Colleague: 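Pasting in a structure now, in structure tokens, and then I'll have a few things to ask.
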Number of protein chains: 4
Amino acid sequence: MTKLAARRDEEADEKPRRGRPRCLIRRHAVLESSLVLLGERGFRGVTMEAIAEHAGVGKVTLYRHWPSKAAIFMDAFLAKQQAEVPFGDTGSALDDLRIGMLSLMKLFRGPMGPQVAGLIAEGILDPEVGEILRTRWVRPRRAEAAKIVQRGIDAGQLPKDCDAEALLDALYGPIYLRLMLGHEKIDRAFVEKTFATVTKGIRP
Amino acid sequence: MTKLAARRDEEADEKPRRGRPRCLIRRHAVLESSLVLLGERGFRGVTMEAIAEHAGVGKVTLYRHWPSKAAIFMDAFLAKQQAEVPFGDTGSALDDLRIGMLSLMKLFRGPMGPQVAGLIAEGILDPEVGEILRTRWVRPRRAEAAKIVQRGIDAGQLPKDCDAEALLDALYGPIYLRLMLGHEKIDRAFVEKTFATVTKGIRP
Amino acid sequence: MTKLAARRDEEADEKPRRGRPRCLIRRHAVLESSLVLLGERGFRGVTMEAIAEHAGVGKVTLYRHWPSKAAIFMDAFLAKQQAEVPFGDTGSALDDLRIGMLSLMKLFRGPMGPQVAGLIAEGILDPEVGEILRTRWVRPRRAEAAKIVQRGIDAGQLPKDCDAEALLDALYGPIYLRLMLGHEKIDRAFVEKTFATVTKGIRP
Amino acid sequence: MTKLAARRDEEADEKPRRGRPRCLIRRHAVLESSLVLLGERGFRGVTMEAIAEHAGVGKVTLYRHWPSKAAIFMDAFLAKQQAEVPFGDTGSALDDLRIGMLSLMKLFRGPMGPQVAGLIAEGILDPEVGEILRTRWVRPRRAEAAKIVQRGIDAGQLPKDCDAEALLDALYGPIYLRLMLGHEKIDRAFVEKTFATVTKGIRP
DNA sequence: GTATAAACGAGACGGTACGTCAGGTCTTTCT
DNA sequence: AGAAAGACCTGACGTACCGTCTCGTTTATAC
């Protein structure tokens with residue numbers, strides 16, 4: 001966490017530090033390039049040197065801004081991703097959750113699907129990456145979804161003893177599983193069936 | 001696939017070829033060493049050279065027997081794993097599935113949990129590894145589980161239109177999700193709750 | 001030459017230029033620091049960045065004042081060195097030359113010996129440094145020595161056809177050789193013997 | 001010394017070491033390339049990477065065979081140099097020494113002049129290089145020259161109390177000085193005059 | 001038996017990428 | 001306007017592994 005959090009600390013540093021400030025243009029160029037190369041060569045095939053060259057940037061600049069390749073991809077992904085993959089807000093908690101599942105499906109079927117998978121894989125292989133992934137991707141989304149569940153409980157649409165975490169894992173786990181193992185495709189029928197099964201299963 | 005399948009082809013080669021035959025002792029030493037080092041340094045930290053040195057074996061021997069590092073780990077894992085993580089055979093399809101979930105839980109909570117996660121991660125990052133993983137780990141287990149589901153359908157314990165794939169994803173997906181994201185722990189209560197929810201959800 | 005001469009041009013700039021004048025205190029701090037670091041780490045080990053940091057000065061300031069690392073050392077050396085290593089002025093040209101040899105010996109045996117050697121080495125490896133070394137160290141001293149030789153010729157202490165350059169090389173060459181190859185030590189007996197041999201050799 | 005001597009130790013290692021033996025062809029290619037590049041770009045301008053590329057060799061091979069850039073040049077120089085720059089063997093010690101001076105002159109005026117100068121400079125800036133330079137270039141030549149001096153003493157051509165080291169420094173020092181400072185050129189007249197002066201000076 | 005062919009340990013080899021260092025330039029803010 | 005701080009591009013550094021290739025040696029069958 002320390003390493004990956006470093007960048008954030010600096011971001012939090014509101015006071016303008018001495019010396020020449022870090023150039024945001026370069027920052028964007030790097031994130032842009034990393035995604036381009038990611039598309040062309042895949043996670044493993046992208047090297048720090050390739051990113052640097054493609055972005056017209058020195059390698060040192062990369063290491064100044066990010067502690068590792070995975071951290072670059074993380075930033076690039078989150079920057080592009082923020083506020084996408086929304087949940088609904090329809091008044092019905094069940095509908096909201098269903099909308100969330102469908103938007104995740106869309107994400108996973110699009111070009112970012114393999115990227116998310118790659119990030120999760122990196123998170124498994126490198127604990128630091130895993131931690132930052134949980135902190136910046138999993139938990140924020142979970143918090144949002146948990147609010148919906150709470151609303152459902154309050155509105156009597158979900159049982160009072162409903163375990164939000166287990167419910168969300170039951171809904172999303174199957175989708176993530178197909179993304180990662182690639183044994184079956186993630187189509188609408190599958191998502192709807194999963195949703196139907198689980199929601200029926202939790203009803204009192 | 002080509003690369004990873006190579007080893008199997010040779011295995012199929014029953015006829016004793018001329019010259020000195022490949023030494024099984026070395027084979028075992030390598031698999032042993034790979035697991036030891038995996039425990040010490042994690043997936044990323046283990047190198048072919050380290051395995052070779054630890055096993056007291058030349059690098060060429062590694063490449064003669066296996067086409068890649070992941071293939072070694074795969075063999076090591078499957079050798080240790082074979083016939084573990086059984087499903088039950090109790091007469092009740094639901095009980096059999098539940099037993100399968102619990103034995104998977106035990107596996108994931110033990111020392112092999114991170115190893116499975118690492119293999120899956122490698123499978124995401126390297127398509128060839130992904131393919132072999134599906135071929136030798138996912139599909140065999142699926143086939144077995146599908147048989148149980150079919151038995152359940154035949155016995156009237158499961159609805160006739162039951163989609164085996166979706167059902168298995170619904171049961172196992174949540175457990176795999178927690179293994180890979182590490183956001184919550186995989187305890188018995190969670191497994192039981194997931195089982196209860198899903199089985200209730202699919203009942204007609 | 002261009003690069004190394006730059007500093008001199010500016011020095012010649014007598015007219016006080018516009019804006020804040022360059023701070024001499026910094027100049028001294030830099031020269032001081034360069035010698036300190038030279039003693040600690042040797043010629044190779046001293047970097048521009050280290051000098052800047054040690055002197056509490058920006059790197060740009062360094063490059064504004066001097067065109068290269070060697071130029072800094074050259075200035076530092078010459079500043080400390082000025083008017084040392086004198087020739088005598090005894091009325092006897094031979095005695096004057098002998099005094100010059102002995103003062104050079106003292107210089108080479110002291111802490112500046114390795115520094116002079118280092119400067120000469122830099123002068124060999126970098127032609128620009130070599131040129132400035134000749135311009136600011138070798139030739140001024142040669143000119144002085146040549147005057148002594150001329151006085152000796154005029155006074156009949158040296159033969160009329162005496163080749164000043166060859167004579168000086170014969171006297172000083174052996175001392176420089178031992179400084180640079182380090183194969184033998186530079187002691188008084190050696191200097192005296194060299195002086196005796198050469199002066200006997202040139203007598204008509 | 002340790003580092004630079006390493007290569008030699010291995011050379012002395014007569015017993016054929018285990019594993020694939022080091023390839024002499026590469027060795028020669030590297031030495032060849034280093035001299036070519038030295039001629040083109042000078043001591044400073046040659047990089048390990050350039051040598052490696054020019055020789056069609058991996059960088060690791062360079063570091064396996066030699067501990068430093070200077071060590072490569074040293075080997076290349078000595079290989080090309082061995083048995084050149086001979087002394088004479090005319091019966092007359094003085095003539096032999098004179099011939100030695102003239103062959104040194106020829107060496108210094110040719111393409112190897114700057115190379116020798118560069119090696120000496122490196123020897124000043126890096127003590128390890130200095131040591132190997134003394135061991136493999138200076139002392140062997142000195143030993144040979146000292147034998148000539150001894151022959152001269154025995155034959156009565158040189159005084160009995162003649163200090164060989166001081167004499168050789170007096171003869172060669174001036175030539176080396178001009179090579180390294182570059183303040184005057186090394187022509188035959190200069191060498192002859194130096195020879196004449198010194199030999200006259202030591203005569204009893 | 002003895003030849004032969006492959007496996008084997010060791011380690012050299014050409015590569016690619018790594019992460020770091022220093023050089024020299026530029027862009028801020030402070031003085 | 002000068003200066004310190006430090007970001008920046010560049011290029012080289014020395015190292016780590018990769019996967020391949022010799023070596024000399026060992027160990028099975030095949031002749």
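Hydrogens, waters and symmetry mates play no part in the numbers below; they use all other heavy atoms, side chains included. Values in this document were obtained by computation on a predicted structure and should not be read as measured data. Chain naming here is simple, since letters A, B, ... match the order of the sequence lines and numbering starts at 1 in each.
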Colleague: Got a sec: does the CD of A:E40 have more than 12 other heavy atoms crowding it under 6.0 Å?
Modeller: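 Yes, because the 6.0 Å sphere around CD of A:E40 holds more than 12 heavy atoms from other groups.
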Colleague: Should A:E122 and B:L125 count as side-chain neighbours, where that means a heavy-atom distance under 4.5 Å?
Modeller: yes
Colleague: Measure from the side chain of A:P21, starting at C-beta and using heavy atoms only, and say which of F:dA3, E:dT28, F:dC9 lies closest.
Modeller: E:dT28
Colleague: Counting just side-chain N and O atoms, does C:R64 come under 4.0 Å of either OP1 or OP2 of F:dG2?
Modeller: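 For F:dG2, OP1/OP2 do not have a side-chain N/O of C:R64 under 4.0 Å.
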Colleague: To the nearest Å, give me how far apart CG (D:L62) and P (F:dT15) are.
Modeller: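 In whole Å, F:dT15 P lies 12 Å from D:L62 CG.
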Colleague: Applying side-chain contact (heavy atoms from CB on, under 4.5 Å) between B:S34 and each of B:L62, B:I51, B:V46, report the one that passes.
Modeller: B:I51
Colleague: Looking only at heavy atoms, what is the nearest atom pair of A:S68 and A:M48, with distance?
Modeller: C-CE, 4.2 Å
Colleague: What's the CD1-C1' distance between C:I72 and E:dA22, to the nearest Å?
Modeller: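 Going from CD1 in C:I72 over to C1' in E:dA22 covers 14 Å.
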Colleague: Just the rounded figure in Å: distance from C1' of E:dA7 to CD1 of B:I25.
Modeller: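 Between C1' of E:dA7 and CD1 of B:I25: 13 Å.
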Colleague: Hey, what are the protein-to-nucleotides 16-18 of chain F N/O distances that come in under 3.5 Å?
Modeller:
residue, atom, partner, partner atom, Å
F:dC18, OP1, B:M48, N, 3.2
F:dC18, OP2, B:M48, N, 3.1
F:dC18, OP2, B:E49, N, 3.3

Colleague: Without decimals, in angstroms, what is the distance between C:R44 CZ and E:dA22 C1'?
Modeller: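 So the CZ-C1' distance, C:R44 to E:dA22, works out to 14 Å.
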Colleague: Nearest whole angstrom, please: distance from the P of F:dA4 to the NE2 of C:H54.
Modeller: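 Computing the C:H54:NE2 to F:dA4:P distance gives 15 Å.
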Colleague: Taking the nucleotide of DNA chain E with the nearest heavy atom to each, does A:R20 or B:V57 sit closer to the 5' end?
Modeller: B:V57
Colleague: Is a side-chain donor or acceptor of B:R136 paired with a backbone partner of B:M74 at a separation under 3.5 angstrom?
Modeller: no
Colleague: Rounding to a whole Å, what distance do you find between A:H65:NE2 and E:dT20:P?
Modeller: 15 Å
Colleague: In whole angstrom, what separates C:R26's CZ from F:dA1's P?
Modeller: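 About 18 Å, once rounded to whole Å.
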Colleague: Taking only the side-chain nitrogens and oxygens of A:R18, find out if one of them lies under 4.0 Å from OP1 or OP2 of F:dA5.
Modeller: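 Yes, within the criterion.
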Colleague: Return the value, rounded to whole Å, for the distance between atom CH2 of A:W66 and atom C1' of F:dA7.
Modeller: 13 Å
Colleague: Work out which heavy atom in B:A76 is nearest to a heavy atom in B:L31; give both atom names and the distance.
Modeller: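 The answer is N-CD2, 3.7 Å.
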Colleague: Any side-chain N or O of D:R22 less than 4.0 Å from the OP1 or OP2 oxygen of F:dC23?
Modeller: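 D:R22 to F:dC23 OP1/OP2: no side-chain N or O under 4.0 Å.
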Colleague: Over all heavy atoms of both residues, which pair between A:A52 and A:G58 is shortest? Give the atoms and the distance, please.
Modeller: CB-C, 4.3 Å
Colleague: Select from C:A52 and A:G56 the residue whose nearest nucleotide in DNA chain F is closer to the 5' end of that strand.
Modeller: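 Mapping each residue to its closest nucleotide by heavy atoms, the 5'-most match is C:A52.
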